[in-house]
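Labels below follow one simple rule: chain letters A, B, ... track the order of the sequence lines, proteins then strands, and each chain is numbered from 1. Both backbone and side-chain heavy atoms feed into the values below; hydrogens, waters and symmetry mates do not.
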Number of protein chains: 2
Amino acid sequence: MLSYTEENYLKALLKLSFQNEDKPEAGTNEMAAYLGVKPATATDMLKKLKEKDLVTYQKYGKILLTDTGKKNAIAILRKHRLWETFLYEKLDFSWDEVHEVAEQLEHIQSAKLVDKLEEFLNFPEFDPHGDPIPKANGEIPILAKTLLSALEPGSSCKVAAVKDTSTLFLQYLQKLQITIGTKIKILEVIAFDGSLSIQIEDEEPRTVSMKFADSLFVQR
Amino acid sequence: MLSYTEENYLKALLKLSFQNEDKPEAGTNEMAAYLGVKPATATDMLKKLKEKDLVTYQKYGKILLTDTGKKNAIAILRKHRLWETFLYEKLDFSWDEVHEVAEQLEHIQSAKLVDKLEEFLNFPEFDPHGDPIPKANGEIPILAKTLLSALEPGSSCKVAAVKDTSTLFLQYLQKLQITIGTKIKILEVIAFDGSLSIQIEDEEPRTVSMKFADSLFVQR
DNA sequence: TATAAAAGTTAGACTAACCTAACAAATAAA
DNA sequence: TTTATTTGTTAGGTTAGTCTAACTTTTATA
């Protein structure tokens, strides 16, 4: 049985492995920073996780989840994203409110609960941020997605997921009435600063920054 | 902010105060036994709770929740019972499965979550065991209820709540197809051993023990 | 390639929540 | 009312998870 804290370390390692796409290893400081603890603390926990065969690592080396470790981490991610979906769809939480509560709910221990929740939500494939929800067997649905900034002027797309999940960005999206599935047409790209003129659904055209376009995943 | 453990102590004290109806104080051993810890541990925690003004107590004296302590304990009970209702009604958990998971869910910290959950469940007044769900303001609905064993032969009633919440009893009820609201008619009381001949809804008469009749609350 | 900077580890300390063993107070029984 | 029993407390110890400060290893740079 994993402690609340151990679970958080595993989840952090999984998240970091997604971030460093090519090489899924993480460093001690990186992990500590992610979790908001000091490197010394992370080192201690790493020893414990290694003892339990959840990570492979040696002194001064890189950290990698073992198969068991990864399986556990995916199970936690699954819970997190199912709960986010529940909060968003059933309890009317807004996009930027779900994460914090799901951070707590993801640690609830009950296999039945997770599976029943999934069924109750009608087996959703993606969470409110557009991130894939792992299946009970650990499979993670993949959706071909590109950054909005990668599209050509004139092309159309649908919002698939957010890359940046900060409150400020999510609230901005909400203000623009953009959610997962919203249709966007790129009208023009301003060469000067990379900003974009876009049409959201059938609204009036508006301009967004390059930073914006780099924070939103879309589906062609 | 209360820790998970502190919350459990407060909840235990509230539960004990319900049990000892006339005098709501509890003793150290009583509390320790209820929580499955040693008396020494309970003493330590008591000092902490007193420090935080959640209980009144002095060395070798009785323990009593303060107003703040009681308010907190009721909030936890509220969450517990709302979650039980959710699990039972929305996720098809059975009567005897809800408690264990609700024990975990009751510690989730989010005022919005509780209130939204209550709304989602349509402001239920009683949980699956028939116990009252405290309102957001701390009020606890009361339902006039008596033990089945207190009724006269010939009288009819509706199941209001269970006194015994053990798995064995709950499973037995399930087998008899008794839930909250089920109609029961008392046909005969056997003087010899206090057992009862009863009719459940419109089924064939059957006999239940005195222990059974002492474990079920009904409404006349 | 020598050295400075960055990354990671060790040692020692703290807190919360638990324990056991020994003791003290309150209550019940003889 | 003395004594035995029950109830409750204290002292000292353990573990998980955290910290700081000092140290070591690796990596990057001059």
Side-chain angles (χ1 to χ4, degrees), chain A residues 1-13 16-17 19-20 22-65 69 72-73 76 103-104 106-107 109, chain B residues 1-13 16-17 19-20 22-65 69 72-73 76 103-104 106-107 109:
Chain A
M1 182 66 113
L2 298 175
S3 74
Y4 189 105
T5 313
E6 287 169 333
E7 290 196 345
N8 278 333
Y9 278 85
L10 292 184
K11 196 186 52 160
L13 286 169
L16 289 174
S17 85
Q19 254 166 58
N20 315 343
D22 36 337
K23 35 183 76 175
E25 319 106 332
T28 305
N29 285 0
E30 194 184 4
M31 191 172 89
Y34 188 90
L35 286 162
V37 299
K38 299 288 143 151
T41 308
T43 301
D44 282 352
M45 181 55 82
L46 242 23
K47 288 183 193 159
K48 210 164 79 171
L49 294 177
K50 187 187 176 177
E51 204 49 52
K52 291 195 176 185
D53 237 319
L54 296 163
V55 302
T56 57
Y57 127 99
Q58 8 211 58
K59 259 197 206 176
Y60 297 103
K62 290 295 170 192
I63 312 150
L64 202 58
L65 286 167
N72 276 283
I76 300 160
E103 283 292 288
Q104 299 179 60
E106 74 192 1
H107 298 290
Q109 227 63 65
Chain B
M1 182 68 111
L2 299 176
S3 75
Y4 188 106
T5 312
E6 287 168 334
E7 291 197 342
N8 279 333
Y9 278 84
L10 292 184
K11 196 185 52 161
L13 286 169
L16 290 173
S17 86
Q19 255 166 57
N20 314 343
D22 35 338
K23 34 183 77 176
E25 319 107 332
T28 305
N29 285 0
E30 195 184 3
M31 191 172 88
Y34 187 90
L35 286 162
V37 300
K38 298 288 141 146
T41 308
T43 302
D44 282 353
M45 180 56 82
L46 241 24
K47 287 183 193 160
K48 211 164 80 172
L49 294 177
K50 187 186 176 179
E51 203 49 54
K52 291 195 176 185
D53 237 319
L54 296 162
V55 303
T56 57
Y57 127 99
Q58 12 210 56
K59 259 198 207 177
Y60 297 103
K62 291 294 172 192
I63 311 150
L64 201 57
L65 286 167
N72 276 283
I76 300 161
E103 282 292 290
Q104 299 179 60
E106 75 192 2
H107 298 289
Q109 226 65 64

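- Between B:Glu51 atom CD and C:dA16 atom C1' the separation is 15 Å, expressed in whole Å.
- Here the NZ atom belonging to B:Lys11 is positioned 3.5 Å from the CD atom belonging to B:Glu106, to the nearest 0.5 angstrom.
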### Task
Given side-chain contact (heavy atoms from CB on, under 4.5 Å), test A:Lys52 with A:Glu6 step by step and report yes or no.
CA-CA 10 Å; A:Lys52 291 195 176 185; A:Glu6 287 169 333; 2.9 Å; yes

### Query
Reading nucleotides 3-10 of chain D 5' to 3', which nucleotides get B (base under 4.0 Å from a protein heavy atom), which S (sugar-phosphate only), which -?
----SBBB

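- The distance from atom NZ of A:Lys38 to atom C1' of D:dA21 is 12 Å, rounded to the nearest whole Å.
- Atom pair B:Glu6:CD and C:dC18:P shows a separation of 10 Å (rounding to whole Å applied).
- Remark: A:Tyr4 is not in phosphate contact with D:dT18, judged by side-chain N or O atoms under 4.0 Å from OP1 or OP2.
- For B:Glu25, the side chain to side chain contact (heavy atoms under 4.5 Å, CB included) test picks out B:Lys23, B:Lys62, B:Leu64, with sequence neighbours left out.
- If you measure from atom NZ of A:Lys50 to atom C1' of C:dG8, you get 14 Å, rounded to the nearest angstrom.
- Residues that satisfy the side chain to side chain contact (heavy atoms under 4.5 Å, CB included) test with B:Glu30, not counting sequence neighbours, are B:Leu16, B:Asn20, B:Ala26.
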### Task
Let me see the working for A:Lys50 and A:Ile63 under side-chain contact (heavy atoms from CB on, under 4.5 Å), right down to the final yes or no.
CA-CA 10 Å; A:Lys50 187 187 176 177; A:Ile63 312 150; over 6 Å; no

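- The distance from atom CE of A:Met31 to atom C1' of C:dA6 is 18 Å, rounded to the nearest whole Å.
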### Message
Pair A:Val37, A:Tyr9 - check side-chain contact (heavy atoms from CB on, under 4.5 Å), show working.
### Response
CA-CA 11 Å; A:Val37 299; A:Tyr9 278 85; 3.6 Å; yes

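- Residue A:Thr41 is in base contact, counting any heavy-atom pair closer than 4.0 Å across all strands shown.
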